[in-house]
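Since this is a predicted model, take the numbers as computed values, not measurements. Numbering of residues begins at 1 and proceeds along the displayed sequence.
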Amino acid sequence: MAGVMIQGTGSDVGKSVLVAGLCRAFANRGLRVRPFKPQNMSNNAAATPDGGEIGRAQATQALAARVTPHVDMNPVLLKPQGDRTSQLIVRGQVRGMLPASKWREGRIGLLPEVVDCYRRLEEECDLVIVEGAGSPAEVNLRSGDIANMGFARAANVPVVLAGDIDRGGVIASLVGTKAVIDPADAAMIRGFLVNKFRGDPALFADGMAVIAEHTGWHSLGLIPWLADAARLPSEDAVILERSRAGAGGRIAIACPITPRIANFDDLDPLRLEPQVDLVMVRPGQPIPDAAMIVLAGSKATIADLAFLREQGWDIDIAAHHRRGRPVLGLCGGYQMLGRVVADPDGIEGPAGRVAGLGLLDVETVLTGEKTVRPVTGAALGASFSGYEIHLGRTSGPDTARPVGHLADGRAEGAVSADGLVAGSYIHGLLGEAGQRAAWLARIGVAGQGPDHSADVDAALDAIAAVLEAHVDCDALLRIAQGRA
């Protein structure tokens, strides 16, 4: 049994990608590997075969390790529903709503469950690669921590600290982390990595030596910019802040970015299409003239629907529809397209009913029962494979024209009488090449991209190869085994 934890000097330093790449690298060596993240905060989740949900990154890391995703891989998942409230998922199941003001006290009681999940994974494999959250340098959050050093010390898992040179100040961030954290926490760190380097590695050799000298930690590698990381599903909305439109001359498909957008990785497969420009529309911008509009999922459908109207995007969508162009809503986006979204029990906020966009003749009633399940089926004459994660039931006349059918024969989704508007609860609907091509054919585009899963798998192999070349994986494995 062996384990190592990859922590970072901050958010978005590349921890998720490093863990995924290392899972694939060690799996390629013939080791039985499992990913693990004690606590995650993300509205991009994935359904596990046992009916639970975990962070999207852990599902990708499981794919990297060539194993089936399991709820033990991400025992605590926080799904932000408002600025100060999150849905608490423990071992894949909803355990209630948690105000930010109560998180410090609430997490203390979760540590034993987190460690138990880790131990179960540890017993079934040769190596567990753990991903931290945020940074251990956030010492104001150290009391009761279960995401970084609190877990590492409770489970006695050695740590490797990763810094991001692309954002600048990597020497200060690594050395500074050693300076501000508790000495007992610092003693858990056995080595460091510098990630996202561009240029000649020889130019930073002195920098690596300075970090090692000031920290006493082993230098485990200077990792070049991993271009293939862009091909992996993202669970962090920070990537949307950096998204830009592609080159001209392609067919635009637009998706507005709402504050509680969820599972926006559903749109990643569109980036595989050479004729498609996926335009993520930021707040303050109008929805551009596009061949298709896609409304992504939402963790707070009613709040995001109100935001959509505040931005004037409802007017843009209505005009788009009047021009005879298609609209596709996925999960929360499907709910927004209906006549009404009702929340009689106040699940998302004050109880009540709000008007939807009225482009589908359906009504959604939000309920406390959550649907979480992997699914397969067929739509538009092609197969699909994905999963459902949603609250609420949607019904109405347009469901008599389903988008498709699940493998068990049940109808799924709804299509408007004019055939232009469709809504589906299936996350990953566009992943398979044939299914994606069928939707693109509606806007005169010939789908040419591969299955998204195949592209992700190839990206994982490419990332693993780079890590094998630039990381001292043998030393990393000795650290995990307690031999260094």
Rounded to the nearest 0.5 angstrom, the CG-CD distance for Leu360 and Gln335 is 11.5 Å
Test item: side-chain donor near acceptor, Glu53 and Gln93, under 3.5 Å:
no
Would Asn40 and Ser42 count as having a side-chain donor-acceptor pair, cut-off 3.5 Å? no
> Between Tyr118 and Glu113, is any side-chain donor less than 3.5 angstrom from a side-chain acceptor?
Replying inline: no
Q) So do the side chains of Val4 and Leu476 get within less than 4.5 Å of each other, counting heavy atoms only? A) yes
* Does a donor on one side chain sit under 3.5 Å from an acceptor on the other, for Asn28 and Arg66? -> yes
Query raised in the report: Are any side-chain N or O atoms of Lys15 and backbone N or O atoms of Gly10, one a donor and one an acceptor, separated by less than 3.5 Å?
Result: yes
For Cys331 and Gly297, the nearest pair of non-hydrogen atoms, with its separation, is CB-CA, 4.3 Å
Under a 4.5 Å cut-off applied to non-hydrogen side-chain atoms, are Leu391 and Ile347 in contact? yes
Output for pair (Leu31 CG, Leu127 CG), nearest 0.5 Å, gives 6.5 Å
Query raised in the report: Do Arg401 and Asp398 sit within salt-bridge range, that is, some charged N less than 4.0 Å from a carboxylate O?
Result: yes
I'd like to check Val279 versus Ile253 (side-chain heavy atoms, cut-off strictly below 4.5 Å). Are they in contact? no
Nearest heavy-atom approach of Ser86 to Leu78 is CB-CB, 4.2 Å
| request: Indicate yes or no: at least one non-hydrogen side-chain atom of Val403 is less than 4.5 angstrom from one of Trp439. | output: yes
Next on the checklist: Assess, by modelled atom type and distance only, whether the side chains of Glu412 and Ser424 contain a donor and an acceptor separated by less than 3.5 Å.
Outcome noted: yes
inquiry  = Can you see whether Asp265 engages Asn44 through a side-chain donor-acceptor pair at a distance of less than 3.5 angstrom?
reply    = yes
When you compare the side chains of Glu388 and Thr371, does any donor N or O come within less than 3.5 Å of an acceptor on the partner? no
Between Ala62 and Pro35 the two heavy atoms that sit nearest each other are N-CG, 3.6 Å
Checking the side chain of Arg24 only, and the main-chain atoms of Ala64 only, is there a donor and an acceptor separated by less than 3.5 Å? yes
Main-chain N/O of Leu88 paired to Arg95 side chain as donor or acceptor, under 3.5 Å: no
Rounding to 0.5 Å, atoms CG (Leu430) and CG (Leu270) come to a distance of 5.5 Å
Are Asp266 and Val294 close enough that some pair of their side-chain heavy atoms sits under 4.5 Å apart? no
Problem set entry | Stepwise side-chain contact (heavy atoms from CB on, under 4.5 Å) test for Leu305 and Leu357 | CA-CA 8 Å; Leu305 182 56; Leu357 298 177; 4.1 Å; yes
With distance as the sole criterion, is a donor-acceptor pair present between the side chains of Thr364 and Thr394 under 3.5 Å? yes
When you check the side-chain N and O atoms of Gln81 and Lys299, is any donor under 3.5 Å from an acceptor? yes
Exercise. Is any side-chain heavy atom of Ile302 less than 4.5 Å from a side-chain heavy atom of Leu366?
Worked result: yes
query = Any side-chain heavy atom of Asp361 within less than 4.5 Å of one from Ser416?
reply = no
> Between Glu273 (side chain) and Gly449 (backbone), is there a donor-acceptor pair under 3.5 Å?
Replying inline: yes
With no hydrogens and no angle check, do the side chains of Glu432 and Gln435 hold a donor and an acceptor under 3.5 Å apart? no
Please evaluate residues Thr258 and Arg260 with respect to the criterion side-chain contact (heavy atoms from CB on, under 4.5 Å), reporting the C-alpha separation (whole Å), side-chain torsions for both, the decisive distance (0.1 Å), and the verdict.
CA-CA 6 Å; Thr258 54; Arg260 293 289 171 252; 5.6 Å; no
(request) Output, in order, the C-alpha distance, side-chain angles, deciding distance and verdict of salt bridge (charged side-chain N to carboxylate O under 4.0 Å, His left out) for Glu369 and Arg393. (result) CA-CA 9 Å; Glu369 183 180 352; Arg393 298 188 302 271; 5.3 Å; no
**Prompt:** Is the backbone of Glu348 close enough, under 3.5 Å, to the side chain of Asp343 for a donor and an acceptor to pair up by distance?
**Reply:** yes
Heavy atoms of Phe26 and Cys473 approach each other most closely as CZ-O, 3.5 Å
Look at the side chain of Asn263 and the backbone N and O of Ala45, then say whether any donor-acceptor pair between them is shorter than 3.5 Å. yes
| task | Say whether, by atom type as modelled, one donor and one acceptor occur between the side chain of Asn74 and the main chain of Gly55 under 3.5 angstrom. | result | yes
Checklist entry - Could you walk me through whether Asp451 and Ser453 pass the side-chain hydrogen bond (donor to acceptor under 3.5 Å, both in side chains) check? => result CA-CA 5 Å; Asp451 283 351; Ser453 58; 4.9 Å; no
d(Leu267 CG, Leu278 CG) to nearest 0.5 Å is 5.5 Å
**Message:** Tell me whether Arg436 contacts the main-chain N or O of Pro450 through its side chain, where contact means a donor paired with an acceptor under 3.5 Å.
**Reply:** yes
Q. Do Gln58 and Glu131 have side-chain atoms, one donor and one acceptor, less than 3.5 Å apart?
A. yes
**OP:** Establish, yes or no, whether a centroid distance under 6.0 Å links the rings of Tyr425 and Tyr387.
**Re:** no
Flag for Asp289-His320: side-chain donor and acceptor within less than 3.5 Å
no
Note to self: Would Phe151 and Met5 count as a side-chain contact (heavy atoms from CB on, under 4.5 Å) here? Give the steps.
What the structure shows: CA-CA 10 Å; Phe151 166 78; Met5 187 174 196; 3.9 Å; yes
Taking every heavy atom of Val19 against every heavy atom of Val130, the minimum-distance pair comes out as CG2-O, 4.0 Å
dist Asp145:CG -> Leu111:CG (nearest 0.5 Å) comes out at 8.5 Å
Would you say the side chain of Ile443 lies within less than 4.5 Å of the side chain of Val445, judging by non-hydrogen atoms?
yes
Verdict with reasoning, Ile389 to Lys79, per side-chain contact (heavy atoms from CB on, under 4.5 Å): CA-CA 12 Å; Ile389 299 179; Lys79 305 186 78 171; 3.8 Å; yes
The reported gap from CG in Leu295 to CG in Leu328 (rounded to nearest 0.5 angstrom) is 8.0 Å
Check: Are any side-chain N or O atoms of Trp313 and backbone N or O atoms of Gln285, one a donor and one an acceptor, separated by less than 3.5 Å?
Finding: yes
Closest non-hydrogen atoms of Pro344 and Ala351, given as atom of the first, atom of the second and distance, are O-CB, 3.4 Å
Note to self: Using modelled atom types and a 3.5 Å cut-off, is there a donor and acceptor pairing between side-chain atoms of Arg34 and backbone atoms of Glu122?
What the structure shows: no
